Amino acid sequence: MGETSPGVEIRQLRKRFTGGDHDAVDGVDLSIREGELLVLLGPSGCGKTTLLRMIAGLEHPSAGEIYIAGRRVDQDVPPRARGIAMVFQSYALYPHRTVSGNIAFPLEAARLPRAIIAEKVRWAAELFGIAGYLDRYPRQLSGGERQRVALCRAVVRDPQVFLLDEPLANLDAKLRNTARDELKRFQRQIKRTTVYVTHDQVEAMGLGDRIAVMDRGKVRQVGTPHEVYEDPVDTFVATFLGQPPMNLVEQPGGGGRTLLGFRPEHLLPSDHFGDREPLHPIPLIVRRVEYLGSDRYVYGTVEFAPEATVIAKLPANIGRAIPEEEGGRLDFAVPERALCYFDAQTGERVRR
Amino acid sequence: MKFADREDLLGAAMLGPALAYVILLVGVPFVLAIMLSFSSATAGSLTLTWAGFRNYSTILADPIFLRSLRNTAIVTIGSQVLVIVLATAAAQVFRAAFHGKRAARFVLLLPWAVPVSLAAIAWTWIFDSTFSVINWTLKVTGLLHGWLYWLGEPGLALFAIIIVQAWRIFPFATVIVLAGLSSIPQDVVEASIVDGAGFWRRLFKVELPLLLPVIAVAVLFGVVYTATDLGVVYILTGGGPANTTHVLPTLAFQRGVLGADLGQGAAIAVFLVPFLIVVAVLMLRVARRAEIGAGGGAR
């Protein structure tokens, strides 16, 4: 028993659903610092939502411990007493209640006096700019407005921890950007511990103070967006983050035991680099070039490892003159400092 | 083009039998009943001589009719209140996972499947003045000191009728409420749990309001089934003691068929129609309004 974080502390947490043949959450250790926004990022089915629901108390862990603000909650503390508030992907607004009725619901459940409830509802509604909609029903609101109502309902409880389950997933792409920005500003403003579940790496990178990358019930890596992107611990993290993902090719002369990893934006024409920069040459056979406005993607194979497709991401101002016909050979290279080495068998990072 | 490809003809052909069934077995008797109620027809002479509102003025001046009208209202409302409470509770039980749930569901539905007349005969034994299991059970447990003549006292007899009607409708209502419960988004229920609502708050502030349209439909069916039912009262009390427990269908049967006064019987039977129409319209309106209220809210 060590010190527990004043945020959320998770120890060896496991969940196996009845009738399941594997652990949906498979021995997760995670320490969420007070006031930070931690993103649980992973593909669907990786256990991130199950983990969040166990923190909320909506799912009972099969084993392990959960502490919120130093207090153990996993055994017998019901959701309402855990000091948490949750925003669901569907927002889960009460359809038969007005906006103000929705926001007031948790306060009524806490049996607060009417005057205080009214005051808090107004405060929250003003915080999210929906004070004009208090008498409307959820069905009369747009997706973005519903999301704000859901946030209001969470905020009025004044929780120690916010749990957000893909809160932007139901918004259209345009709205998502502004909503993300608002969410970040709001979280900075109230400085409350927040656990944010998403499968969208752009959201994760943009919002998270730290990101916990999950795969098949396990946390693969926890770190700042910069750390998980630049310094991935294994091939899963390396290829899950980044669009397009990190290129992986067999190291020449390595007997197939080591994989070379490099990001598409680091794969550039050799003559683009300065003379002092130590380079790893990657001779590229072009298959096709995609023009995307600000960037071009060059799809091809590497001469020394022809079975893997690699992608080079060229900014508009670089390599304008490269030949684009299929089968052409390009002299590309990656700076040594941008290379990652992985064990081909285990996928784990090899430090050298 | 084949016949099966002609949607217009195919539609008519498939709707035809159902339409004919409704017209012949519901429409014709209904019109006939209205005509009879304005005639002085008797079982002996089926001549439609115009009698104006005489049948109606006769029954409206008849204390037995007024009493049966009141009984119909009491039995219908009483049994439906009982049904809603029982069905909501039972639905909560059946929502939980437990061993033998399937068997329990089957048993639950039995009262619905048993023919009314058979069930009513069984209930006459349960309420029997000598052998009543209710009385003996109460007696043994020390809760009853005197004796209850279930079907012998007007008040108790009405209560007995309400019990049987509720028993009959309640399985159906439970199934409807269960279906309604499963249509409430799981997220909304979980949100209320996280928001700190306990069982009762969740039930009364979240689930029941969202169930309202479904319950309205269940009540509508229940009202129609109960208000128009002949069998239960006819077999349990036969309208007795001393014509105190008649409902409109039994009184109509007694006057129109047994008493051979077809005109008066028809007037009694037709009397309920406007009320039932009002109930149906009201209930459907509640159902629709609540549906609009819930529609799209969770998405």
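A, B, ... follow the sequence lines: proteins, then strands. Residue 1 opens every chain. These numbers come from a predicted model, not from an experiment.
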Does the side chain of [X] reach to within under 4.5 Å of the side chain of [Y], using non-hydrogen atoms?
{"X": "A:Glu108", "Y": "B:Arg201", "answer": "yes"}
{"X": "B:Ile193", "Y": "A:Arg80", "answer": "no"}
{"X": "B:Val194", "Y": "A:Arg82", "answer": "no"}
{"X": "A:Tyr94", "Y": "B:Leu210", "answer": "no"}

*Pick whichever of A:Ala150, A:Ala154, A:Pro79, A:Pro78 has the most heavy-atom pairs under 4.5 Å with chain B.*
A:Pro79
*B:Ala197 and A:Ala109: which non-hydrogen atoms are nearest, and at how many Å?*
N-CB, 4.0 Å
*What part of A:Gln140 is in contact with chain B, defined as an atom under 4.5 angstrom from a non-hydrogen atom: side chain, backbone, both or neither?*
neither
*Region of A:Arg97 in contact with chain B, defined by heavy-atom distances below 4.5 Å*: side chain
In terms of heavy-atom contacts, does [atom1] of [X] have more than 12 from other residues, nucleotides or ligands at under 6.0 Å?
{"X": "A:Asp135", "atom1": "CG", "answer": "no"}
{"X": "B:Arg95", "atom1": "CZ", "answer": "yes"}
{"X": "A:Phe186", "atom1": "CZ", "answer": "yes"}
{"X": "A:Phe128", "atom1": "CZ", "answer": "yes"}
{"X": "B:Phe159", "atom1": "CZ", "answer": "no"}

_So if I take each residue of residues 17-26 of chain A and look for any heavy atom under 4.5 Å from a heavy atom in chain B, which residues do I end up with?_
none
*Qualifying residues under ring-ring contact (aromatic ring centres under 6.0 Å, His included), relative to B:Trp167, sequence neighbours excluded*: B:Trp123
*Between CD1 of A:Ile103 and CG of B:Asp195, what distance do you get to the nearest 0.5 Å?*
11.5 Å
*Any chance you could measure A:Phe105, atom CZ, to B:Lys205, atom NZ, to the nearest 0.5 Å?*
8.5 Å
